[in-house]
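Each remark here refers to the structure printed beneath this line.
In each ligand, atom 1 is the first atom listed, and ligand 1 is the first ligand listed. Being a predicted model, the structure only gives us computed values, none of them experimental.
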Amino acid sequence: MDTRLLFQDAANLATPMLAVFAVDVAIGKDADPLVALLSTSDAVGKAAAPVLATGEFKAVLGEQLLLHSPNGLKAERLLVVGLGKAKTLSVDEVRKGAGVAVRSAKPRGVREMAIAFPEDHALDDEHLENLPCTLLCRSIVEGAEVGELDWDTYRSDRKDRSVQTLTIVARESEETTKKEIQTGFEEGRIVAGAQNFARALVNEPGNVLTPTELGRRAKAMCDEAGLKCEVHSTEKMLELGMGAFHAVAKGSAEPPALVVMTYEPKLEKGQAPAKDAPVLGLVGKGITFDTGGISIKPADGMDKMKYDMAGAAAMIGAMRAIAQLKPAVKVIGIVCSAENMPSGRAFKPGDVLTAMSGKTIEVLNTDAEGRLVLADGLHYAKTLGCTHLINAATLTGACVVALGMINAGLFSNDEASFERFLAAMKISGEKFWRLPCTDDYKDQIKSQIADIMNTGGTRWGGAISAAMFLKEFVGDTPWIHLDIAGCAWNEEVKPWLAKGPSGIAVRSIIEWVRGYSA
Ligand code: BES
Ligand code: ZN
Ligand code: ZN
């Protein structure tokens, strides 16, 4: 979709469809809805007034009202999209509303449309803090571009219903406001582009996206974005002593890939890099297919395990945005990619592995492979000089049992890093819920014959056992672990999002990184 930004009165824009947002400004729980359009254009207000007066449209989040040939407007259709209660309005509703607008245009065959930038004179001052212009514009672009995609790449009956051009139309206003809107627009395109890039990788089936292919795509992205990128395989892993990662990889005929992407901020002329400047390490689980290995998974739903590389995709997507946003902080992205297969060469329950850090691991279950590849990825990141670590992984079914599919799991050994991530979540609108990984849980991964084992002895607190395992490899380095198993795949189509890969964590990671920009 080609997204553009235009400053003019929405009423004068000739377009097949103009979308405007509306909120319910009624106060009090039992009050009848009182709908207000988020547009200061008199003509738009007049066009919608008769139908709004009927009271049938209540401005519930995602609710839609379509008018053909609206009176006094150049647009062929006027689509009013509800954002819910004015009192609780935030950019999250705006992001969803933009997705709803675009997804409602697609089945109607509308290829070109416009969204009116929400003007908040219908709202009072208390909302301005929740809705700064930059973030508002960015959210519209994100919601629209992420909402627009449907996963029909592999369908030969593919009906091309895409919206090709979207114009965000904002009122001519003061220069400063215009600048803010423009900045939000550009950021939105970068962030949405990164999220959709990650989603497209996750959508690929395991036979297409092998570890080698994932490495190729990461490299191609880096070449285009101007990032340094190295893609290694078995030889380098053995040279580095990555005994945990290699054990997972060796059961497959497909060679593994260890991808290292580096972003270096540009220094001002004559400026030396600060000695104590942070170096951020982004580590992703890239299992392109997880059969479970010798501890094989049941057949039911095993096809889903093609998305076991969503953590890696999130990091590749985030690196793409970082290359474009150019924060003043060094970032290293590491992807540990392999296929987890049963075979005559596969690792087995009972095996004892030596990780790159030197720690020995007793394998109790070959299906707990994600933590093994990440153990070596996280340790490697430290040897490359990373001072702060974040990893994303579709790591445990237990995390899905604990949190369902609304919140992803978050674990951290460092309050300051966690606080920064909370701040990033406020901007990204993504939902993560913190779970504990204090040393009280250490016994859960105590092994009889090795330093640690790769699963908890029992089913209880499985997401925490996995986090405790990773924690063994980060040491004192501030670290955040995102368990995205329940949120990486959207199981039910939503009015603002297609069924399939969600691109979870991309937006929050980008924002977390920007938080360190000096
Ligand atoms: N890739 C799975 C986790 C997963 C589950 C991802 C559901 C997406 C949706 C992971 O490798 C795995 O199999 N974990 C096991 C660990 C267990 C053997 C300790 C699990 O969660 O059952
Ligand atoms: Zn597994
Ligand atoms: Zn897995």
With a cut-off of 2.8 Å, which protein N/O/S atoms are close to the Zn ion (ligand 3), if we only count those under it?
K285 NZ, D290 OD2, D308 OD2, E369 OE2
Qualifying residue for ring-ring contact (aromatic ring centres under 6.0 Å, His included) with F421, from W433, F411, Y516, F432:
F432
Quick one, list the residues around ligand 1 where some non-hydrogen atom comes in under 4.0 Å, by chain and residue number.
K285, D290, K297, M305, Y307, D308, N365, D367, E369, R371, T394, L395, T396, G397, T455, A485
Main chain of N490, side chain of S502: is a donor-acceptor contact present, judged purely on distance under 3.5 Å?
no
Looking at F185, does the NZ or CZ of R138 lie under 6.0 angstrom from its six-membered ring centre and within 45 degrees of the ring axis?
no
Run the salt-bridge test on K348 and D351 with the 4.0 Å N-O cut-off and return the result as yes or no.
yes
Flag the pair E145 and R189 as a salt bridge only when some basic side-chain nitrogen lies within less than 4.0 angstrom of an acidic carboxylate oxygen.
no
Which atom pairs, one a donor and one an acceptor, fall under 3.5 Å between side chains of residues 223-231 and the rest of the protein, sequence neighbours left out?
{"residue": "D223", "atom": "OD1", "partner": "K219", "partner atom": "NZ", "Å": "2.9"}
{"residue": "D223", "atom": "OD2", "partner": "K219", "partner atom": "NZ", "Å": "3.4"}
{"residue": "E230", "atom": "OE1", "partner": "H232", "partner atom": "NE2", "Å": "2.9"}

Among K106, R161, R199, find the residue that satisfies the salt bridge (Lys or Arg N to Asp or Glu O under 4.0 Å) test when tested with D150.
K106
Counterpart residues, side-chain hydrogen bond (donor to acceptor under 3.5 Å, both in side chains), relative to R217 (two or more places apart)
E204, E213
Where do S343 and G251 come nearest, in terms of heavy atoms and distance?
OG-O, 2.8 Å
